[in-house]
Q: 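Before I ask anything, here is the structure I am working with.
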Amino acid sequence: MNNPAEQFIATNKANLETLNGLATQAFAGVEKLVELNMAASKAILGETSSHLQAVLGARDAQELLALQSGMAKPLAEKFAAYGQQVQSIMAASGAELTKSIETKSAEAQKAFADVMDNLARNAPAGTESAIAAFKSVLSASQDAVESAQTSAKKAVAVAQSNFTAAATQAADAVKKAAKAA
C-alpha cells in the first residue's frame with residue numbers, strides 16, 4: 001500500500017472504526033450511570049412511600065420526630081454509597097476512554113508519519129526543504145498533542161480528587177447532622 005490515496009482511505013476507515021469504538025465505550029459508561037440512577041430512584045420511591053405511611057400512622061409528635069431522625073442516618077449512608085458508585089463508574093469509564101484514545105492517537109501518529117516518509121521518498125527533486133519544514137511542523141504538533149494529553153490527565157486527576165473530597169465531606173456532614181438530630 002504505497003499509494004498515498006490508499007493509505008489515506010485506510011487511515012480514515014481506521015479512524016471511523018476507532019470513533020465507533022470510543023462512542024460505544026462512552027455509551028457503556030452512560031448506561032451504567034442510567035442503571036444506577038434507575039435503581040436509586042426505585043429505592044428512594046419505595047422507601048419514601050414506606051416512610052410516609054409510617055409518618056401518617058404516628059400517634060404523637062415524639063413518634064413523628066423519632067421517625068424523621070431515624071431516616072436521616074440511612075439516607076446519609078445511601079447518599080455516600082451512591083456518590084462512591086458514581087465516582088467509580090466515572091473513573092472506570094474515563095480510564096478506558098483515555099487508554100483507547102492514547103493508543104489510537106499513537107497509532108494515528110505513526111501511520112501519518114509513515115505516509116509522510118512515503119511521500120518524502122517519492123517526492124520530486126527540489127522539494128526536500130518543503131518536506132523538512134512540514135515534518136518539523138508535524139513534530140511540533142505531535143509535541144503539542146502530547147502536552148495537551150498530559151495536561152488533560154492532570155486536570156482529570158484533580159477533578160476526581162475534588163469530587164471524592166466533596167462527596168466525603170457531604171457524607172460526613174450528613175452523618176454529623178443525623179447524629180445531632
Side-chain angles (χ1 to χ4, degrees), residues 1-41 76-124 126-175:
M1 187 165 43
N2 288 333
N3 183 351
E6 289 176 6
Q7 289 178 332
F8 183 74
I9 291 169
T11 300
N12 283 331
K13 279 184 178 181
N15 288 341
L16 183 60
E17 290 172 7
T18 299
L19 181 61
N20 187 30
L22 292 174
T24 300
Q25 284 180 333
F27 282 123
V30 170
E31 185 177 19
K32 288 177 186 176
L33 285 174
V34 168
E35 288 172 1
L36 175 64
N37 286 332
M38 290 297 294
S41 296
E77 292 169 354
K78 289 176 184 167
F79 173 75
Y82 174 81
Q84 289 172 346
Q85 288 176 321
V86 168
Q87 188 214 11
S88 174
I89 290 169
M90 297 294 284
S93 296
E96 288 176 21
L97 284 172
T98 300
K99 182 178 177 183
S100 294
I101 289 170
E102 287 175 350
T103 300
K104 296 304 178 182
S105 177
E107 289 173 4
Q109 286 177 353
K110 184 186 179 319
F112 193 71
D114 290 346
V115 168
M116 290 308 303
D117 287 341
N118 188 23
L119 285 173
R121 283 192 299 271
N122 297 321
T127 59
E128 293 83 10
S129 61
I131 291 174
F134 188 75
K135 283 185 175 182
S136 175
V137 169
L138 176 63
S139 177
S141 68
Q142 287 175 341
D143 290 344
V145 167
E146 289 174 11
S147 176
Q149 285 175 339
T150 301
S151 296
K153 281 183 189 179
K154 288 178 184 177
V156 167
V158 168
Q160 285 180 338
S161 174
N162 289 341
F163 180 80
T164 301
T168 301
Q169 287 176 350
D172 289 346
V174 172
K175 287 179 184 177

Q: Checking K110 now: which residues fulfil salt bridge (charged side-chain N to carboxylate O under 4.0 Å, His left out) with it, not counting sequence neighbours?
A: D114
Q: For L22 and L97, work out which heavy atoms get closest and say how close.
A: O-CD2, 3.6 Å
Q: Any chance you could measure F79, atom CZ, to Q84, atom CD, to the nearest 0.5 Å?
A: 10.5 Å
Q: Who pairs with V30 by side chain to side chain contact (heavy atoms under 4.5 Å, CB included), at least two apart in sequence or on another chain?
A: V34
Q: Is there a donor-acceptor contact under 3.5 Å from the side chain of S136 to the main chain of A132?
A: no
Q: If I take atom CD from residue E96 and atom OG1 from residue T24, how far apart are they, to the nearest 0.5 angstrom?
A: 11.5 Å
Q: Among all residues two or more places apart in sequence or in another chain, which pass the side chain to side chain donor-acceptor pair (under 3.5 Å) test with S100?
A: Q25
Q: Can you name the closest pair of heavy atoms from G29 and S93 and give their distance?
A: CA-OG, 3.3 Å
Q: Any sub-3.5 Å donor-acceptor pair from T103's side-chain atoms to K99's backbone N or O?
A: yes
